[in-house]
Amino acid sequence: MGFFDGLKRDTKQTQTVAAEPVPQNQNQPAPLAEEAAFREPDPEAIEVQVRDVEASYYAAPPTAPLKSYKDKAPVRHAIGQTKIIAIINQKGGVGKSTTAINLGAALGEMGKQVLLVDLDPQGNCSSGLGVEKSLIQRCIYDVLLNDVPIEDVIIPDIAEGLDIAPATINLAGAEVELVAEMARENRLKDAVGGMRGRYDFILIDCPPSLGLLTVNALVAADKLLIPIQCEFYALEGVTKLLDSMKRVKTRLNPTLDIYGILLTMFDSRTTLSKQVVDEVREYFGRLVFSTPIPRTVKLSEAPSFGQPITQYDPKGRGSLSYIELAKEVIARG
Ligand SMILES: Nc1ncnc2c1ncn2[C@@H]1O[C@H](COP(=O)(O)OP(=O)(O)OP(=O)(O)O)[C@@H](O)[C@H]1O
Ligand SMILES: [Mg+2]
């Protein structure tokens, strides 16, 4: 059967109807099988199909513009209640962005008001929460370098209780451009400091480096949440991170401290994972959250659907573990 065989368009009713069987002339020999299979496509049918596709294309609603923070119903909390937590580890791929998205969403579902600041030029939190980057006119780069108020870049209610200050690839330039700026380490602190009292938690997703963006996060944050992946060399680089923390603490942010250590991508079937847990607990003691985040395929799939795990797979192990973590975070205060 050819593609158009058996289909005939009634153009007036724009309905697809089955073709009438063509009566065979008794005196003509029956067509060969290949001839029967290949028939010229009906140009009229093609034209109708093209018209239908075009009509549906133009009828499709344009992508909704991004919402603005100014449209958000004002939610006020007592000043001093807001906790600013940088999710930080200069090692790449340890679960920083996954934690920022899913801890943020879990806290939001538990009734907290959360702002997620995407401070990574990769913009994984923004894309992982379904932000259409082509629609972003200004991002956290403009807040750091062009004096744009953070309210002007925040996209509210990206998930329940969760707002995001998104990042685009423009942010990649910030690392170099900030060098020439005055008070370059304080840019983020000044921006998010103004949001104290409006959120319960401000989570900052850091890039995998110890450059100026990360220093901005260290200066802006009250506390650090350090994800550590349960694998070989888990603690590699952590000493360097703690050195950076101490230097910033001495000079720029005296109250900075570790909020908690989070074990990520834990696989209960491997002895390696268990060894890492023991090693990290021995090193950091009670700072380690009692909930390790398991390695699950669903957690790695969720960002491609633009959803936090609490929406993508609400009953799964990944979701339940981030909800447990959120409870610990709330309990730590
Ligand atoms: N618990 C988990 N189970 C399975 N896959 C995970 C888990 N956590 C993270 N991943 C996947 O591992 C990869 C790295 O995670 P993620 O992007 O959160 O790390 P990151 O520390 O933010 O990385 P980067 O340093 O590049 O910013 C991603 O593909 C993510 O989907
Ligand atoms: Mg990341």
Side-chain angles (χ1 to χ4, degrees), residues 85-106 116-131 133 139-140 164-169 171-172 174-175 203-211 213-214 216-218 221 224-238 240-241 244 260-270 272-274 276-277 280 288-326:
I85 301 174
I87 300 175
I88 194 165
N89 187 338
Q90 81 275 21
K91 200 164 176 209
V94 297
K96 294 182 286 295
S97 304
T98 305
T99 298
I101 292 173
N102 295 310
L103 173 60
L116 174 49
V117 178
D118 193 347
L119 198 63
D120 185 349
Q122 298 177 95
N124 290 344
C125 285
S126 310
S127 53
L129 283 166
V131 177
K133 286 193 190 157
C139 80
I140 197 75
I164 185 168
T168 65
I169 192 65
L171 188 58
E175 206 66 84
L203 305 179
I204 306 169
D205 182 37
C206 294
S209 76
L210 287 174
L213 284 173
T214 300
N216 262 270
L218 287 168
L224 306 181
L225 191 160
I226 307 175
I228 290 184
Q229 187 180 347
C230 298
E231 53 132 54
F232 272 121
Y233 310 121
L235 288 169
E236 186 190 61
V238 171
K240 214 167 167 203
L241 171 62
S244 298
I261 306 290
L262 177 66
L263 292 154
T264 60
M265 297 183 231
F266 175 73
D267 187 343
S268 58
R269 295 164 305 178
T270 67
L272 175 64
S273 263
K274 288 177 192 151
V276 172
V277 171
V280 173
V288 184
F289 288 107
S290 45
T291 317
I293 305 299
R295 181 184 283 282
T296 76
V297 175
K298 297 278 186 194
L299 275 170
S300 59
E301 285 173 354
S304 55
F305 291 87
Q307 291 179 337
I309 196 68
T310 44
Q311 280 173 28
Y312 180 65
D313 183 32
K315 299 271 182 293
R317 286 187 305 137
S319 181
L320 297 180
S321 60
Y322 273 108
I323 288 169
E324 280 308 307
L325 175 65

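What's counted below: heavy atoms across the whole structure, side chains too, no hydrogens, waters or symmetry copies. For ligands, and for the atoms within them, numbers begin at 1 and follow the listed sequence. Residue numbers start at 1 and run along the sequence shown.
- Checking Tyr322 against Thr99 by side-chain atom types alone, a donor-acceptor pair falls below 3.5 Å.
- Looking at Ser97 next to ligand 1, an N or O pair under 3.5 Å apart turns up.
- Of all atoms in ligand 1, listed by their number and element, those nearer than 4.0 Å to a heavy atom of Asp120 are 27 (O).
- Closer than 4.0 Å to atom 30 (C) of ligand 1 lies at least one heavy atom of the protein.
- Residues Val131 and Cys125 are not in side-chain contact: their nearest non-hydrogen atoms beyond the backbone lie 4.5 Å or more apart.
- Annotation: atom 20 (P) of ligand 1 to nearest protein heavy atom, Lys96 N, 3.5 Å.
- Annotation: atom 19 (O) of ligand 1 to nearest protein heavy atom, Gly95 N, 3.0 Å.
- The ligand atoms of ligand 1 that sit less than 4.0 angstrom from a heavy atom of Gly92 are 25 (O).
- With Gln122 contributing its side chain and Pro207 its backbone, the two residues share no donor-acceptor pair below 3.5 Å.
- Of the protein's non-hydrogen atoms, Gln122 NE2, 3.2 Å is the one closest to atom 26 (O) of ligand 1.
- Asp118 contributes a side-chain N or O that, together with a main-chain N or O of Ser126, makes up a donor-acceptor pair within less than 3.5 Å.
- One distance of note links OG1 of Thr291 with CD1 of Ile323; it measures 11.5 Å at 0.5 Å rounding.
- Counting all heavy atoms, side chain and backbone alike, Ala217 lies closest to Leu119 at CB-CD2, 3.8 Å.
- Each of Lys96, Arg295, Gln229 was scored for a side chain to side chain contact (heavy atoms under 4.5 Å, CB included) with Thr264, with one residue passing: Gln229.
- The Val94 neighbourhood of ligand 1 comprises atoms 19 (O), 20 (P), 21 (O), with distances under 4.0 Å to a heavy atom of that residue.
- Under a 4.0 angstrom heavy-atom cut-off, Ala302 registers as lying outside contact with ligand 1.
- Side chains of Ile87 and Cys206 form no contact here, defined as non-hydrogen atoms less than 4.5 Å apart.
- Regarding atom 4 (C) of ligand 1, its nearest protein heavy-atom neighbour is Thr296 O, 3.0 Å.
- The pair Glu231-Lys91 counts as a salt bridge, with a side-chain nitrogen and a carboxylate oxygen less than 4.0 angstrom apart.
- At a threshold of 4.5 Å between non-hydrogen side-chain atoms, the residues Leu299 and Ile293 count as touching.
- If you check which protein heavy atom lies closest to atom 28 (C) of ligand 1, you get Thr98 OG1, 4.8 Å.
- Panel note: side chain Ser273, backbone Arg269; no donor-acceptor pair is recorded below 3.5 Å.
- Every atom of ligand 1 is numbered from 1 in the order shown, and the set under 4.0 Å from a heavy atom of Ile293 is 1 (N).
- Looking at Pro294 against ligand 1, only its backbone comes within 4.0 Å, counting heavy atoms.
- For atom 13 (C) of ligand 1, no protein heavy-atom neighbour is found at a distance under 4.0 Å.
- Counting only N and O atoms by type, the side chains of Ser319 and Asp313 include no donor and acceptor under 3.5 Å apart.
- Checked against a 3.5 angstrom limit, the closest N/O atoms of Asp205 and ligand 1 fall outside it.
- Scanning the protein for heavy atoms near atom 7 (C) of ligand 1, the closest one is Met265 CG, 3.6 Å.
- Nearest protein neighbour of atom 11 (C) of ligand 1, counting heavy atoms only, is Ser300 CB, 4.3 Å.
- Considering only non-hydrogen protein atoms, atom 24 (P) of ligand 1 sits nearest to Gly93 N, 3.5 Å.
- Under 2.8 Å from the Mg ion (ligand 2) lies an N/O/S atom of Ser97, whether from backbone or side chain.
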